[in-house]
Protein chains: 2
Amino acid sequence: MIRSGAQLFRERGVSGTSFADVLEHSGAPRGSVYHHFPGGKDEFAIEVTRYAGGLIGGALRGALEGDDPVAAVRSFADMWIGVLESGEYAAGCPVVAVAVDAAPGPGTRAAAGDAFAAWESDLAVVLVRRGVGEDRARSLATLVLSGIEGAIVLCRAQGSAEPLRRVAGELATVVGAAVAGSRPPA
Amino acid sequence: MIRSGAQLFRERGVSGTSFADVLEHSGAPRGSVYHHFPGGKDEFAIEVTRYAGGLIGGALRGALEGDDPVAAVRSFADMWIGVLESGEYAAGCPVVAVAVDAAPGPGTRAAAGDAFAAWESDLAVVLVRRGVGEDRARSLATLVLSGIEGAIVLCRAQGSAEPLRRVAGELATVVGAAVAGSRPPA
DNA sequence: GTCTATACGAAGATAGAC
DNA sequence: GTCTATCTTCGTATAGAC
């Protein structure tokens, strides 16, 4: 159910996704909705957000494994380009969907904020490890995250992966310059 | 009604906003909904998107009037920071809300794409005027737009204007370097 | 733990009077 | 052009049996 919820949130948003949709998509038994999620849709949305945040965070950490922030930015962006192109630009980021859709309670919004903060932190850690100062690293991490998430929205609206391609190129340049500039002169 | 719709879309998303909400917020007569919008919610959402796109586009063009892209980026971001802070981070960009919420038909999504394209073009034109090459200008304009829109989402999720402040600073640096680097050496 | 049935309300949309 | 009334569908949530 949670996996299906994440997929449907990505396509239709939170308010646009009903339990009936989730049950149909997941094939889950209908009687178990309020058994597993006694808090109703709010609780369900929070769980979906946590799950999606962890999943995407895992992908991001995987991309960051080589301690090469430039390659990680490109790899993370390429992952999203693949998602967008294979799904005809119908599906975006579930965490953004939660953040933009205020229908559920404030807990859901906070869960989205936590996910973003975790991703940002993962990025900043690697930048610091590559010699970038802490403040700049945090600032750059926010730019990368905002840029990619914003570009995903643009891609969906325009039915094209071009915005994300352009943003990925610019971000790679900026991050590359920051890493190079912070390294001790050879 | 359209003005109210834009405000409510910003706060609750498209699926989360009903005609009853719009009527209550705007004080418009109830009988006139399907008189003015025979196409129902789809048509209404498209009109709201066009209106909001024009409004925000006007603000952006105003910020760009001095032909100073760096100041324009800061000014545009500051406008959003003001909106976020004065509204307790409840309201974001209505065009993003439309792009993320697939509930209405494809026409709405296209209207959002048109708005983004127009803003991007406004930005790129000024960059070109300042000597930036056409491809780079387009690429930078996409980065600025994606970065700011993405940061607005992060701000809402985290209940803070910090992401947008950081992104605005980074974008100002990048745009400043591009403009400076493209000017003929003095 | 899952099922059926259903209460309750809300939303989109339409009809016809004024 | 606006109003009231209403139809229909859908969505959340609950109750109680298996």
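The chains referred to below are lettered A, B, ... by the order of the sequence lines, with proteins before strands, and numbering in each begins at 1. Note that the coordinates shown come from a computational prediction; the quantities given were computed from them, not determined experimentally.
- In this entry the distance linking NZ of Lys41(A) with P of dG9(C) reads 19 Å, nearest Å.
- Remark: the Glu11(B) side chain and the Gln7(B) side chain contain an N/O donor-acceptor pair separated by less than 3.5 Å.
- Between the side chains of Arg166(B) and Thr142(A), a donor-acceptor pair is found at a separation under 3.5 Å.
- For residues 89-100 of chain B, the set of pairs meeting the salt bridge (charged side-chain N to carboxylate O under 4.0 Å, His left out) definition, not counting sequence neighbours, is empty.
- Interatomic distance, OG of Ser15(B) versus CG of Asp101(A), reported as 7.0 Å (0.5 Å rounding).
- Atom CD of residue Glu43(B) and atom OG1 of residue Thr108(B) lie 11.0 Å apart, to the nearest 0.5 angstrom.
- By the side chain to side chain donor-acceptor pair (under 3.5 Å) test, Asp122(A) pairs with Arg61(A), sequence neighbours left out.
- Within 6.0 Å of atom CD in Glu85(B), more than 12 heavy atoms from other residues, nucleotides or ligands are found, so the atom counts as buried in its surroundings.
- For the side-chain contact (heavy atoms from CB on, under 4.5 Å) criterion with Leu145(B), the lone passing option out of Val153(A), Leu154(A), Val167(A) is Leu154(A).
- Defined by atom type and a distance below 3.5 Å, a donor-acceptor pair is missing between the side-chain atoms of Asp78(A) and Ser75(A).
- Taking every heavy atom of residues 24-34 of chain B and every atom of DNA chain D, pairs under 4.0 Å involve Pro29(B), Arg30(B), Gly31(B), Ser32(B), by number.
- Of the residues in residues 12-21 of chain B, those placing a heavy atom less than 4.0 Å from an atom of DNA chain C are Thr17(B), Ser18(B), Phe19(B), in numerical order.
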_Please determine whether side-chain contact (heavy atoms from CB on, under 4.5 Å) holds for the pair Arg109(B) and Val98(B), giving the CA-CA distance in whole Å, both sets of side-chain angles, and the decisive distance to 0.1 Å._
CA-CA 6 Å; Arg109(B) 180 95 36 110; Val98(B) 166; 5.9 Å; no
*asked:* Just to be sure I follow the notation: if a pair is Watson-Crick (purine N1 to pyrimidine N3 plus N6-O4 or O6-N4) or a G-U wobble (N1-O2 and O6-N3), each under 3.5 Å, what dot-bracket string does DNA chain C give, with | for pairs to another strand?
replied: ||||||||||||||||||
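- Here the range on DNA chain D touched by chain B, meaning any atom under 4.0 Å from one of its heavy atoms, is dG1(D) to dT4(D).
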*Would you please test Ile148(B) and Ile152(B) for side-chain contact (heavy atoms from CB on, under 4.5 Å) and show each step?*
CA-CA 6 Å; Ile148(B) 290 179; Ile152(B) 292 170; 4.1 Å; yes
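- Contact check on Asp21(A) versus Arg12(A) returns a salt bridge, with a Lys/Arg side-chain nitrogen under 4.0 Å from an Asp/Glu carboxylate oxygen.
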